[in-house]
Amino acid sequence: MSAVPEAMPAIRPDPREIAFYARSVHAVARDLIGCALSHGASAGRIVETESYHETEAACHAFIGETERTRPLLGAPGVAYVYRSYGIHALLNAVAEEDGVGAAVLIRALEPLEGVAAMRTRRGVDSDEDLCSGPGKLTQALGIGLELNQTSLVGGPVEIHPPRATAPPPRIVTGPRVGITKAAELEWRFCDADSPHVSRPRPPAMRTR
DNA sequence: CATGGGATTGACT
DNA sequence: GTCAATCCCATGC
């Protein structure tokens, strides 16, 4: 047995490395809370995510490999962007090893940088309406379908670790939003203290 | 080839 | 609370 140093700093996996994404999709979803997402000059702190896995019916990859789901089944650390309800672009981070269909849906951000540009692209003023939903945040950051399959490591959309001095977020979990299949799974992760999460707000969610 | 259904949002009753 | 917008994709005839 080796001695465990006292006051060893908590090691957080680094989202600037592919290895961050090549893990359990649920661990990735949880660890993304508090990280920063950037595109161009705009950036926001991730405050809400959901995990999806090919073994459950709410995941697009549940049906197997098609043209649409190919990115999901591919290498980790890649963006999966798809059109939802014919209107919105939704951003996911592909997770788990190559060949396993799994991804984390980014659902809400706290605006950090380039906020004026976000207001312009969204056409709203309130900071809490800028990125408090998966379709809102892609519009705010100017993320469209053309970024599907781009790398999240060194690509146009990047994810940065939390500041070392930032306290770890208090995370609550609950059922995923807006799905009809596998609705019993509590694979939604929120920063319990953020006013920037999407609706429904998570008072009924469990603290972990 | 026709059809139905969304990992949503914003406007409206 | 209800509901339409809007289009890609998967499925079925």
Side-chain angles (χ1 to χ4, degrees), chain A residues 21 24-30 32-33 37 44 46-74 76 78-96 100-111 118-149 152 157 159 171-191 195-205:
Chain A
Y21 305 93
S24 158
V25 69
H26 313 301
V28 175
R30 172 176 300 266
L32 280 175
I33 303 294
L37 174 75
I46 299 171
V47 296
E48 179 180 349
T49 61
E50 286 174 358
S51 44
Y52 289 83
H53 192 272
E54 63 181 12
T55 50
E56 45 88 14
C59 182
H60 290 172
F62 183 71
I63 60 172
E65 179 169 353
T66 66
E67 177 128 359
R68 181 199 208 191
T69 64
R70 189 162 299 127
L72 275 176
L73 292 150
V78 168
Y80 168 54
V81 187
Y82 73 95
R83 186 165 302 291
S84 172
Y85 289 92
I87 303 169
H88 309 286
L90 268 52
L91 171 68
N92 299 252
V94 175
E96 308 216 356
V100 177
V104 176
L105 172 67
I106 312 296
R107 285 195 57 88
L109 308 176
E110 170 191 345
M118 292 190 199
R119 291 200 190 96
T120 300
R121 283 186 287 250
R122 286 275 297 125
V124 299
D125 284 336
S126 160
D127 277 16
E128 293 186 3
D129 280 341
L130 284 182
C131 300
S132 55
K136 295 178 185 179
L137 72 90
T138 54
Q139 184 182 29
L141 296 202
I143 295 171
L145 300 187
E146 71 280 1
L147 295 174
N148 189 29
Q149 299 194 68
L152 295 171
V157 177
I159 301 178
I171 293 175
V172 292
T173 63
R176 294 174 293 182
V177 178
I179 56 170
T180 56
K181 294 172 277 193
E184 73 283 3
L185 299 174
E186 301 204 340
W187 289 0
R188 182 191 186 199
F189 301 84
C190 293
D191 178 338
H196 299 277
V197 299
S198 73
R199 293 155 86 142
R201 293 291 298 281
M205 298 172 63

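Residue numbers begin at 1 in each chain, while the letters A, B, ... track the order of the sequences. Just the heavy atoms: all of them, side chains too, but no hydrogens, waters or symmetry mates, feed the values below. Note that this is a predicted model, so its numbers are computed, not measured.
- One atom, CZ of A/Phe62, and another, C1' of C/dA10, lie 14 Å apart when rounded to the nearest Å.
- Under 3.5 Å, the side chain of A/Tyr85 and the base of B/dA7 form no donor-acceptor pair of N or O atoms.
- Remark: A/Arg107 is in phosphate contact with B/dT8, judged by side-chain N or O atoms under 4.0 Å from OP1 or OP2.
- Considering only side-chain N and O atoms, A/Thr66 lies under 4.0 angstrom from the phosphate OP1 or OP2 of C/dA10.
- Note on A/Ile87: a base of the nucleic acid sits closer than 4.0 angstrom, heavy atoms only.
- Distance, A/His60 NE2 to C/dC7 P: 18 Å, rounded to whole Å.
- Nucleic acid contact for A/Arg199: none, since no nucleic acid atom lies under 4.0 Å from a heavy atom of the residue.
- For A/Arg83, the listed nucleotide lying nearest its side chain is C/dC8; candidates were C/dC8, B/dT8, B/dG6.
- Using a 4.5 Å heavy-atom cutoff, the side chains of A/Arg119 and A/Asp125 are in contact.
- For the residue pair A/Arg122/A/Gln139, the side-chain donor-acceptor check at 3.5 Å is satisfied.
- Nucleotide C/dC8 holds its P atom 14 Å from the CD atom of A/Glu146, rounded to whole Å.
- Distances from the side chain of A/Thr180 to the nucleotides B/dG10, B/dT9, B/dG6 place B/dG6 closest.
- When rounded to the nearest whole Å, the span between NE2 of A/His88 and C1' of C/dT6 equals 9 Å.
- The side-chain heavy atoms of A/Glu128 and A/His196, taken from C-beta on, include a pair separated by under 4.5 Å.
- The phosphate of B/dT8 (OP1 or OP2) has no side-chain N or O of A/Arg176 nearer than 4.0 angstrom.
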**Request:** Begin with the C-alpha distance, continue with both residues' side-chain angles, and end with the deciding distance and a verdict on side chain to side chain contact (heavy atoms under 4.5 Å, CB included) for A/Arg188 and A/Val177.
**Result:** CA-CA 8 Å; A/Arg188 182 191 186 199; A/Val177 178; 3.7 Å; yes
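- Nucleotides B/dA7 and C/dG1 are separated by 23 Å at their C1' atoms, to the nearest Å.
- Distance CZ (A/Arg68) to P (B/dG6): 11 Å, rounded to an integer number of Å.
- Between A/Lys136 and B/dG10 there is a side-chain N or O to OP1 or OP2 distance below 4.0 Å.
- Judged by closest nucleotide on DNA chain B, A/Leu105 is the one of A/Gln139 and A/Leu105 placed further toward the 5' end.
- Between the C1' atom of B/dA7 and the OH atom of A/Tyr80 lies a distance of 9 Å, rounded to the nearest Å.
- Regarding A/Tyr82, its OH atom lies at a distance of 15 Å from the P atom of C/dC8, rounded to whole Å.
- The interatomic distance linking A/Glu65 (CD) with C/dA10 (P) rounds to 11 Å, in whole Å.
- A/His26 and A/Ser24 share no donor-acceptor pair across their side chains, judged by distance under 3.5 Å alone.
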**Audit row: A/Val81, A/Thr138, side chain to side chain contact (heavy atoms under 4.5 Å, CB included) steps and yes/no** = CA-CA 9 Å; A/Val81 187; A/Thr138 54; 5.6 Å; no
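- Listed candidates were C/dT6, B/dG10, B/dA7. Nearest to the side chain of A/Ile179 is B/dA7.
- Pair assignment for B/dC1 gives C/dG12, based on Watson-Crick or G-U wobble hydrogen-bonding distances that are each under 3.5 Å.
- Here A/Tyr52 counts as stacked on B/dA7: its ring centre is under 5.5 angstrom from the base ring centre and the planes meet at under 30°.
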